[in-house]
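Here the structure is laid out as structure tokens; the discussion comes afterwards.
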Amino acid sequence: MFRTTIAGLLAHRLRLLLTSLAIILGVGFIAGTFVLTDTIDAGFSQSFTAAADKIDVAVLAKDEENPLPPSLLAKVGSVAGVKDAQPVVSGEAALIGKDGKTIGELVTAGVAFPSYRMDLTSGSAPVSDGEAVVDTNTAKTEGFRIGDTIAVLDDKNARHEFRLVGTFDVGVDQSLAARGAVAYTPATAMRMTGAKGYAEIDVTTAGPSRESLRTAIAAVAGSGATVQTGEELASDLAASNGASTEYLKIGLLLFGVVALLVAGLVIYNTFGILVAQRMRELALLRCIGATRRQVFGSIVLESTIVGLVSSVLGLGAGLGMGGLAVFLLNTFSPDVEVPTGTVTLSPQTIVIGLATGLIMTVVAALLPARQATKVAPVAALRTQTEEHTFRTGVVRIVFAVIFGLAAAGLTYMGVTAKPDESALMTVMAGGILAFFSVLILGPVLVTPLSGLAGWLPGRLFGVPGRLATENSRRNPKRSATTTIALTIGVTLMTFMAVLTATMRATADQELDSQFVADYRVAAQTGDVPHAVAEALRGHPELATVAEFREAEGRLDDKDYPIGTVTSSVLESTMRPKATSGSTDGFKPGTVMIADYVAEHLKIKVGDDVRIGTEKDATPLRVVAILDSESLLPSITVPEQFFAERFGKVDDNQILIIAADGADQDKARAIVDNAAQPYPAVKVTSSTEIRDQFDDAIGGILSVITGLLGLAIVISLLGIANTLSLSVHERTRESALLRALGLKRGQLRGMLTIEALILGLVGALVGTVLGIVYGWAATETIAESVSFQLPVGQILLFIAASGLAGVLAAVLPARRAARTSIVGSLASD
Amino acid sequence: MTTITSFRSAVTAQGLTKVYGSGDAAVHALRGIDVEFATRAFTAIMGPSGSGKSTLMHCLAGLDSVTDGHVSIGDVEITRLNDKRLTMLRRERVGFIFQAFNLLPTLTAEQNILLPLQIAGRQPDQALFDRVIDTVGLRDRLRHKPSQLSGGQQQRVAVARALISKPEVIFADEPTGNLDSRSGAEVLSFLRTSVRELGQTIVMVTHDPVAASYADRVVFLRDGLLVRELEQPTPQTVLDTLVALEA
Ligand SMILES: Nc1ncnc2c1ncn2[C@@H]1O[C@H](COP(=O)(O)OP(=O)(O)OP(=O)(O)O)[C@@H](O)[C@H]1O
Ligand SMILES: [Mg+2]
């Protein structure tokens, strides 16, 4: 039996090639994920080890809020055996760029650390108060050169100048890389950042072992500090970074699982077809004495060999993909520093890759193998293989209905429930059940659907078109499995497209209704000086200038931030929504409270609440509960009252609406000019915010679509595979048609149209599922979403699926058209 | 005899040679055959297994290329046509009946019958269709798929399909090879009727002396050569000729 299996495999090696490719891609993706994350992890731990190598003992602040007291430095330095103890300072001090504004979205880090830990890329480390070094990336993007004077705002927004003496590499510190960093001497760093102490003290030994030195230092360090050896520090840092690669791993594996699922369907279908085509052969084996078990075993053995060989190749592919991903990360995203260890396959990756590939292949082949055992020996004696007649079984309908009802029920529950995570989970569970229902019902659905998809080709291309439609539905089970593989990918893509389009539309709408401001002025650090608002007033181009202020205060003896807003905002288009009460009644002696605060404190409209400072609180009447999405401070009091209680407070932010018909450029120039004197004060426009948001969402969507692309590619292999197996099966038919006068091109066209139909059917089902569940999911995300159907994108998916089907048909169709008529007529 | 040869030829072959493979492995399936098939005649090709009957038929019908020689269908020399022209020629002028797998399993009997016309984009002649259907006796089976038809019925559908497009010549390779004698007789007498009444030209390859006796003329092949001809054959004369050839 083993010999016949091997012979069979060799005979069908071409047909198994596409199947193998599906497994190779699936396993490759999974293995590649591990290779990538392993490589990153290895790179991190390498560089942490390298960094920590120079430190013998480190004293760390237990939490960032309470840094190590500066006095500790001298104490640690005087411990016997300490050669050198140096402080690490970490905080924020906004660096001002060449445009006179603070750099970037996030405030630049202000740091100090021992020069032996500083990876200088040019120049030297700062040694005097007037010197500083900038990280290499920031220096490059801002065009800073050694010898330049750079300006930095300290924690009180006072401007200081430094001479740039060097540039340094932040290494693997993601937070420094993201913010950009300026390093100073420790004293200057503390002054600039306002840090009250040290984040860390690094110690080198004069002789004693690291362990003994740690014990000695721990004795003086006190309870607010953790004392670690260099090794411990390195492994802790590596572990915390490992946690973040874990997310990456899980995220990628999710896509890997989808790809494997699709590959499983492709394998199931291929073995199903191979078994069907080998009915005669198998029956012959049964005739000459093979048992059912042997027939079953031979198919399982075949799948095992295919699975094993493909998984091994898949591991190779994974190594390649992982390496490629590392290379791409390093080449195309300079701001994300990915340290790279050597790209290797760990034993764990090998085991996981082989196991998933093998198990999936064998499991997918089990049903076809069982089918094979049902072949009656007499089948060998029949001349013409029977046409596959498919009858819709009662069991199938019953199961489909059960799954369908359960899906509908869960989905309904999820959609109508209060939007939260569990509602989303309920909907997702409903979605999975609905998918199963479609899977079961597939063979029933495929016949009418291919009729639908084939209607136009049938009209346009005459006989080949009509024959293609017939062919696409002649074996409904096979077509259904082929198309459902594509359906998975298209469903997920459509789902994501609907979700992101809706999120985008909802956000846009929110920006429109809540953020009707044209410009927002806010400070990167601290507040916006009142003078800015003053400078903005009195311009006819600006209709509304609303100042928002906040201060620490008390509400019914609990600490809450209390805020106020220029009252004209209530008459403007920025007018906030109230969930109960009305903003109309907002006048001296009243307060408006955000719904989440009101809910928490059980406050209703009409209640009196005591608001003010610790010493001096006044009862105010609640006139409105504000929608949590409103922009107003969570506790909004009248301006007058705020000024009396909290004095002159600078603005948190200023929102500006340009006058109707005002020159946009002029309005913008006024706002820019008002903010100009203050480096930390930045202007954003609602269009900028919208664009940023759109960019972010678009980026996410394209990454996800790209990752789902793998599942699509695998399902296309499935279509190509099914087609080429069908072409093989219909060799005689094709020859007959050619003999009857069908041109080569027409035969090719026929197969191409069949593939087109399969692709369209898969895409149709996928888009319907994707739209329905995209909608259901958005219903569980927020109370009021503006559902948006990305029609263009969805049509694009459908067209692309059809086109991809056509692409999948190229090779099988060419082969079919090339074979000689006489040879095919004679073939058995 | 004279009455038959006086008709114009439907198919002519001159010096027809077919070699499969090359060098040591070369098989000379046809070694220079000169033959003519008259219009409105029913001709049978006979010969021992491996003598080249199928090869001859494939070359005559333009299904296979020839190594040497000329073949003409009507006034068209098909040995000089490319694949596209050949396909068009088959559409317009040639009909086929094979031993098995004659029908597309996805189409009904009626659709199978009309298939060549549809491929050619021609309208069926309703009168001819009715006549053909009634003659082959398939009216109550038109909506059935091939898998629901008996072997004899399937062959009759194939015959009807070959006739419906009124081709200049129908080639049949052992059309009754898979049938029992009664269904075989039905198909054969139907073929003969179509020659007599519809003026059809038929060239049929067969092993069976009885089948050959339905023809107007039998040509005998041996080792790729045309070795004998019989006019107005009877099963007995055919059998005698075969026995003589084997000797
Ligand atoms: N594709 C081919 N390649 C090589 N040789 C071939 C091929 N087709 C046929 N032959 C050889 O050509 C010769 C004639 O074959 P052909 O099929 O024409 O015989 P036949 O008379 O139809 O036989 P049968 O009565 O068994 O059908 C045989 O020797 C056969 O082996
Ligand atoms: Mg033959």
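Only heavy atoms go into these numbers, but all of them, side chains included; no hydrogens, no water, no symmetry mates. Letters go in sequence order (proteins before strands), and every chain restarts at 1.
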Exercise for review: Give a yes or no on this: more than 12 heavy atoms of other residues, nucleotides or ligands lie within 6.0 Å of atom CZ of B:R122.
Suggested key: yes
**Study point:** Residues from residues 107-115 of chain B approaching chain A under 4.5 Å (heavy atoms)
**Key:** B:L107, B:L115
Revision key, fill the gap. In short, B:F96 meets A:A739 closest at the heavy-atom pair CE1-O, 3.2 Å
**Study point:** Close side-chain approach of B:L63 and A:R738, heavy atoms under 4.5 Å
**Key:** no
Exercise for review: Compare all side-chain heavy atoms of B:K84 with those of A:R744 and state whether any distance is below 4.5 angstrom.
Suggested key: no
**Study point:** Interatomic spacing from CZ in B:R91 to NZ in A:K743 - rounded to 0.5 Å
**Key:** 5.0 Å
Just list the side-chain donor-acceptor pairs under 3.5 Å for residues 454-462 of chain A, sequence neighbours left out, or say none.
none

Revision key, fill the gap. With chain A, the option among B:L89, B:T87, B:D64 that has the most non-hydrogen atom pairs under 4.5 Å is B:T87
Check your understanding: What is the minimum heavy-atom distance between B:P116 and A:L740, and which atoms define it?
Key -> CG-CD2, 4.3 Å
